[in-house]
Amino acid sequence: MACPLCSTKNITHSPIMNMLRSHYAMDISPEMDGEKVRVAGWVEDIRNLGGIAFIILRDRTGRMQITAIKKQNPEIFKEITSLTRESVISAVGTCQKNEKVMNGWELLLEEMEVLSIAQTPLPMGVVDKVNVDFDTRLDNRIIDLRRDETKAVFMIRHTMLGAAADFLRKNGFIEVHTPKISASSSEGGTEVFRIDYFGNDAYLVQSPQLYKQMLMASGLDRVYEIAWYFRAEEHDTSRHLNESTAIDIEMAFIENEEDVMKIAEGLTNAIIQKILEENSRELEVLGVKIDLPSLPYPRISYDEVVEILQKEMDFKWGDDLGTDEENMLAKHLDYDVYFITRFPLEAKPFYAMADGKYARAFDLEFKGMEISSGAQRIHDYEMLVSRMKELGMNVDNFEDYLNAFRYGMPPHGGFGYGIERLLMRLLNRSNIRECILFPRDRKRLRP
Ligand code: ATP
Ligand code: MG
């Protein structure tokens, strides 16, 4: 997308720029030689050679060199020498083409406003090549976010969320938000966090499952929700968070789970496509090459998975697929993204539609890790109640949910899709905590 103000091919150049900045680093090009601009950002480095000083200034889009000449402006020159690394300034100057400098231009400084002086020493370096350990980075996440690699992950996350909303809206999904505090401990399965709600017990919801299904009886037909969920997962793994974000969809009038899978694969490709279009710089920073998977994604049935796994490990039909199983399976496949379909009914939650001993359910896998689970659901009230009783569930706890099935509920299905999980796989991050701003896990509740 080109800038509406100038000829630069950059999307960061907003027509409503702030008073303290007219251009980002990437909005300026050597062709702007002689133009006056106002830039702003963090002082990454200062080199003072006596009569001339160079500031490397960093903003969201990149870096630039600001050149100050003592003779021309002794006052500003003095101020520059008092700047500390990572201080924040806004500077006015003239662009000057210079092939020897990064970007092919430098800014000849004319005015400078010091907006904030950074204290010393910094808790961690921003540009230092030395490896900072992950805990230190998370403890100082704001400084960590100034690093190119960390920032790249969140710029790509931003693209992902926009692409997901675009795709879903184009396909007729209505954006909704369901409660995150609930009286019942939702669908079971994972542990939930209990909270004190004015003296009564309430729970943080582990997914929008029950609400999005209830909405299928409302006539909205196709809904999506992008929100956060809370799971008191006991285990401390590189792929689980206690607070995570997800894209959830639910759609009515489906024939079977295939209708849902088409949305799941379409959504994934729409996200990847948009990242390829908009984030080539970030992908380069992260050293990641992404290929757009071809559609439709391969579908491999649970029975086929069992056959493959039994050659390699002790695995019984009906067992759930854990990390070891998923990794082993991935080793046997020559594609990265695939669906596992037709799970044993017992391996899936109570609301999954049965097809004999199978569930009309699927997992979407990316290089051996589940990024999404979905299914056709039971829409028949009697069938749902009898399934819940069969599993020993107390139907009284699900009164509101079940009521939605009494007065006209169309066949429906949907999926939950882990935002951090997709990013982790797409960007080859080894720890899911890299993909969320402020991770919550068993040991970490701050910052
Ligand atoms: P897993 O078996 O991998 O723990 P799950 O089957 O319990 O996941 P679902 O209930 O199917 O997870 O949730 C839908 C999606 O939400 C998952 O496919 C995954 O992408 C994401 N997800 C679930 N739990 C977590 C978590 N603790 N942290 C991050 N993402 C999660
Ligand atoms: Mg799952």
Side-chain angles (χ1 to χ4, degrees), residues 157 160-161 164 178 185-193 204-213 224-250 257 260-261 263-265 267-268 271 297 302 305 319-327 329-330 337-352 359-377 413-427 429-444:
R157 185 179 161 118
M160 174 188 179
L161 292 172
T178 59
S185 59
S186 48
E187 73 230 61
T190 39
E191 290 298 311
V192 287
F193 290 107
L204 296 179
V205 304
Q206 65 180 75
S207 87
Q209 182 64 36
L210 305 186
Y211 288 105
K212 64 179 183 167
Q213 274 195 267
Y224 79 97
E225 175 163 9
I226 300 181
W228 39 94
Y229 300 100
F230 310 91
R231 297 184 180 202
E233 318 253 22
E234 286 292 324
H235 38 295
D236 192 10
T237 77
S238 61
R239 57 203 265 173
H240 289 94
L241 293 161
N242 293 108
E243 181 184 46
S244 64
T245 54
I247 303 168
D248 269 88
I249 71 126
E250 201 68 20
E257 72 276 26
V260 184
M261 289 157 71
I263 297 293
E265 61 189 2
L267 171 69
T268 310
I271 291 169
Y297 294 169
Y302 176 87
V305 173
D319 285 351
D320 204 4
L321 301 173
T323 310
D324 292 345
E325 288 79 14
E326 288 179 284
N327 284 334
L329 173 65
V337 192
Y338 42 93
F339 287 110
I340 301 175
T341 60
R342 293 179 67 77
F343 279 86
L345 194 55
E346 292 66 39
K348 288 293 169 185
F350 72 90
Y351 45 76
R360 291 199 162 280
F362 62 87
D363 278 4
L364 176 58
E365 300 268 324
F366 200 137
K367 292 184 198 154
M369 189 175 73
E370 175 193 324
I371 57 171
S372 173
S373 277
Q376 178 176 358
R377 331 289 191 187
F415 58 76
Y417 194 112
I419 291 171
E420 292 83 20
R421 290 268 180 104
L422 177 70
L423 283 171
M424 184 183 169
R425 271 303 182 257
L426 217 46
L427 307 182
R429 302 295 100 183
S430 57
N431 195 320
I432 196 166
R433 292 161 183 77
E434 296 269 8
C435 302
I436 192 159
L437 283 175
F438 301 104
R440 291 289 173 261
D441 63 32
R442 273 196 81 126
K443 287 178 246 124
R444 185 173 284 282

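Counting starts at 1 for both ligands and their atoms, in listed order.
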Let me know which of Val192, Val205, Leu204, Asn242 forms a side chain to side chain contact (heavy atoms under 4.5 Å, CB included) with Tyr229. Val205
Which bit of Ser244 gets closer than 4.0 Å to ligand 1, counting heavy atoms only: side chain, backbone, both or neither? side chain
Which is it for Leu422 and ligand 1 at heavy atoms under 4.0 Å: side chain, backbone, both or neither? neither
Whether Ser207 lies under 4.0 Å from ligand 1, heavy atom: no
Hey, is Arg231 one of the residues with a heavy atom under 4.0 angstrom from ligand 1? yes
Across all chains, not counting sequence neighbours, the ring pair (Phe, Tyr, Trp, His ring centres under 6.0 Å) partners of Tyr224 are none
Under 3.5 Å, is there a donor-acceptor pair between the Glu225 and Thr178 side chains? yes
State, without any angle test, whether Asp363 and Ser373 hold a side-chain donor-acceptor pair at a distance under 3.5 Å. yes
Got a sec: is Glu370 within less than 2.8 Å of the Mg ion (ligand 2) via an N/O/S atom? yes
Residue Ser373, metal the Mg ion (ligand 2), N/O/S under 2.8 Å: yes
At less than 4.0 angstrom from any non-hydrogen atom of Ser372, what atoms of ligand 1 do you find? 18 (O)
Give the atom numbers and elements of ligand 1 that come within less than 4.0 Å of a heavy atom of Ser373. 11 (O), 18 (O)
In the structure I gave you, are the side-chain heavy atoms of Tyr297 and Thr268 within less than 4.5 Å of one another anywhere? yes
Would you say the ring centroid of Phe339 lies under 6.0 angstrom from that of Phe362? yes
When only distance counts, is [X] in polar contact with ligand 1, meaning an N/O pair under 3.5 Å?
| X | answer |
| --- | --- |
| Ile432 | no |
| Tyr417 | no |
| Leu241 | yes |

Under the 3.5 angstrom rule, does the side chain of Arg157 hit a backbone N or O of Cys435 as a donor-acceptor pair? yes
Counting only heavy atoms, tell me which of Glu365, Arg440, Lys348, Arg421 gets closest to atom 31 (C) of ligand 1. Arg421
Out of Glu233, Gln206, His240, whose heavy atom is nearest to atom 1 (P) of ligand 1? His240
The test is side chain to side chain contact (heavy atoms under 4.5 Å, CB included); show your working for Glu243 and Ile436 and say whether it passes. CA-CA 9 Å; Glu243 181 184 46; Ile436 192 159; 5.6 Å; no
Go through it in stages, so that I can follow the logic: the residues are Leu329 and Glu365, the test is side chain to side chain contact (heavy atoms under 4.5 Å, CB included), and I'd like the CA-CA distance, side-chain angles, deciding distance and then a yes or no. CA-CA 10 Å; Leu329 173 65; Glu365 300 268 324; 5.7 Å; no
